[in-house]
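See below for the structure under consideration.
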Amino acid sequence: MSGGPGGISMDELQLAARNHGMPLEALRYDVTPVGLHYLLIHFDIPAADDDSWRLELDGQVDRPLVLRMDDLRRRPRVTAPVTLECAGNGRARMDPRPVSQPWLEEAVGTAEWTGTPLRPLLEEAGIGEGAVEVLFAGADRGLQAELEHDYERSLPLAEAMRPEVMLAWGINGQPLPPQHGYPLRLVVPGWYGMTSVKWLRRISVLTEPFDGYQQTGTYLLHTSEDDPGTPVTRIQPRSLLLPPGIPVFESRERLCAPGHHLLTGRAWSGLAPVARVEVSVDGGASWQPAQLEPQPSPWAWAGWSLPWDATPGSYELCCRATDAAGNTQPLDPPWNTGGYANNAVQRVKVTVRP
Ligand SMILES: Nc1nc2c(c(=O)[nH]1)N[C@H]1C(S)=C(S)[C@@H](COP(=O)(O)O)O[C@H]1N2
Ligand SMILES: [Mo]
């Protein structure tokens, strides 16, 4: 389904009003304040209570487990900064526009998640013969593509066993708020956000690949419905810049004074460490290397900066990240039916006034 030429529909507006992005000025923070982190909630935020919450671990395991939140909090505890990005980030920049949550480029945030690593828990339950995937089920339910289902996603066993995958009950030193998965969620660093199942109530070890709607009916990269497509997995490299100067309310275009500016932003990739960031002030015609700060962890964005001596005129500021595996950002949006993984460079129009 594609959006018509007449702008976004009421259905898209309804989605956009529920699921907010990170205001780009929040790129100034290493760790995104909780209320400024983006949100994506397919159905309704479920009612949940820490005392009565139970996490079931079942399927192809030797010893199925039922855990309370207190049981989980007594386990080894980790805190790690992780950049999450929605796979649909950039969707509204595609042409024709795939109809779903119409993100521009702000569906990202970096939080300090606190929880317990998943792997030891799976090992304690004992992974049985023939296990291939681990399924994560949320407590939220609804209809999408006319199919009623709980929000559920799986991971290949090897991905679920990565040491940085965690079950989180905390964000930025506080309990998860309802919208981020209270009381418990999965956090899968490096993968697009749909993988990090919120309101987590069941983990099942599977001997067959999961074929539920959120796994095989959506989150596929294909350019026609006949093409089976490839699953959306890791976060493609991306960078964003903190728009300089002051905004115009209606257009978000920027007005700047002439003289010295320090352009700053963030860059990340779920595929490999960030290797470099380049900045353009002429819409991508020419590029200059930015100064890159170290990433606080392989799974969290890096800060970058570049001094800019602005003279009066009109500019289009862009930034482009490249990771250590050589993946980079295209100048124009790649297109696919679902509107996923659009990591095309951001473009910020700036007028420098005398
Ligand atoms: N149970 C459940 N988990 C979910 C979702 C959801 O709708 N239900 N949305 C997913 C998607 S698409 C994204 S991008 C991230 C967003 O996480 P956040 O809202 O905490 O930023 O949560 C994921 N986990
Ligand atoms: Mo998402």
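Note that these values count all heavy atoms, side chains included, but never hydrogens, waters or copies made by symmetry. In each ligand, atom 1 is the first atom listed, and ligand 1 is the first ligand listed. We number each residue from 1, following the sequence as shown.
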task = Examine the side chains of E159 and W191 and answer whether a donor and an acceptor come within less than 3.5 Å of each other.
result = yes
message = I want to know if ligand 1 touches W113 in the polar sense, i.e. an N/O pair below 3.5 angstrom.
response = no
task = Considering only NZ, NE, NH1 and NH2 on the basic side and carboxylate oxygens on the acidic side, decide whether E124 and R63 come within less than 4.0 Å.
result = no
query = Using a heavy-atom cut-off of under 4.0 Å, does the side chain or the backbone of Y219 touch ligand 1, or both, or neither?
reply = side chain
Salt-bridge criterion met for R202 and E56 (N-O under 4.0 Å) = no
message = Suppose we measure from atom 11 (C) of ligand 1 to each protein heavy atom; which comes out shortest, and what is that distance?
response = M194 CA, 3.6 Å
message = Could you identify the single nearest non-hydrogen protein atom to atom 8 (N) of ligand 1 and state the distance to 0.1 Å?
response = D140 OD2, 2.6 Å
query = Are the aromatic rings of H149 and F43 close, with centres under 6.0 Å apart?
reply = yes
ask   = Which atoms of ligand 1 sit under 4.0 Å from any heavy atom of H37?
value = 21 (O)
task = Tell me which protein heavy atom sits closest to atom 3 (N) of ligand 1, plus the residue, atom name and distance to 0.1 Å.
result = K198 N, 2.8 Å
inquiry  = Counting non-hydrogen protein atoms only, what is the nearest one to atom 9 (N) of ligand 1? Give residue, atom name and distance.
reply    = L40 O, 3.3 Å
query = With a 4.5 Å limit on heavy-atom distance, are the side chains of R320 and W287 in contact?
reply = yes
ask   = Short list, please: which atoms of ligand 1 are under 4.0 Å from a heavy atom of C86?
value = 14 (S)
note = closest protein heavy atom to atom 21 (O) of ligand 1 is Y38 O, 2.8 Å
task = Record the part of R185 in heavy-atom contact with ligand 1 below 4.0 Å; permitted values are side chain, backbone, both and neither.
result = side chain
message = At less than 4.0 angstrom from any non-hydrogen atom of L39, what atoms of ligand 1 do you find?
response = 19 (O)
query = In terms of residue, atom name and distance, what is the protein heavy atom nearest to atom 15 (C) of ligand 1?
reply = G193 O, 3.4 Å
query = Quick one: do E253 and K349 make a salt bridge, cutoff under 4.0 Å?
reply = no
ask   = Is there a donor-acceptor pair under 3.5 Å between the side chain of W335 and the backbone N or O of P96?
value = yes
query = Does a salt bridge link R97 with E12, judged by any charged N lying under 4.0 Å from a carboxylate O?
reply = yes
query = Which bit of I41 gets closer than 4.0 Å to ligand 1, counting heavy atoms only: side chain, backbone, both or neither?
reply = backbone
request  = Give the contacting part of S196 toward ligand 1: side chain, backbone, both or neither, where contact means a heavy-atom distance below 4.0 Å.
outcome  = backbone
request  = Considering the heavy atoms of V197, write down every atom of ligand 1 situated less than 4.0 Å from one of them.
outcome  = 1 (N), 3 (N), 24 (N)
T195 side-chain N/O to Y192 backbone N/O, donor-acceptor pair under 3.5 Å = yes
message = Quick one: does any side-chain atom of T110 pair with a main-chain N or O of T32 as donor and acceptor, under 3.5 Å?
response = no
key: Polar proximity ligand 1 side, H42 side, N/O cut 3.5 Å exclusive   = yes
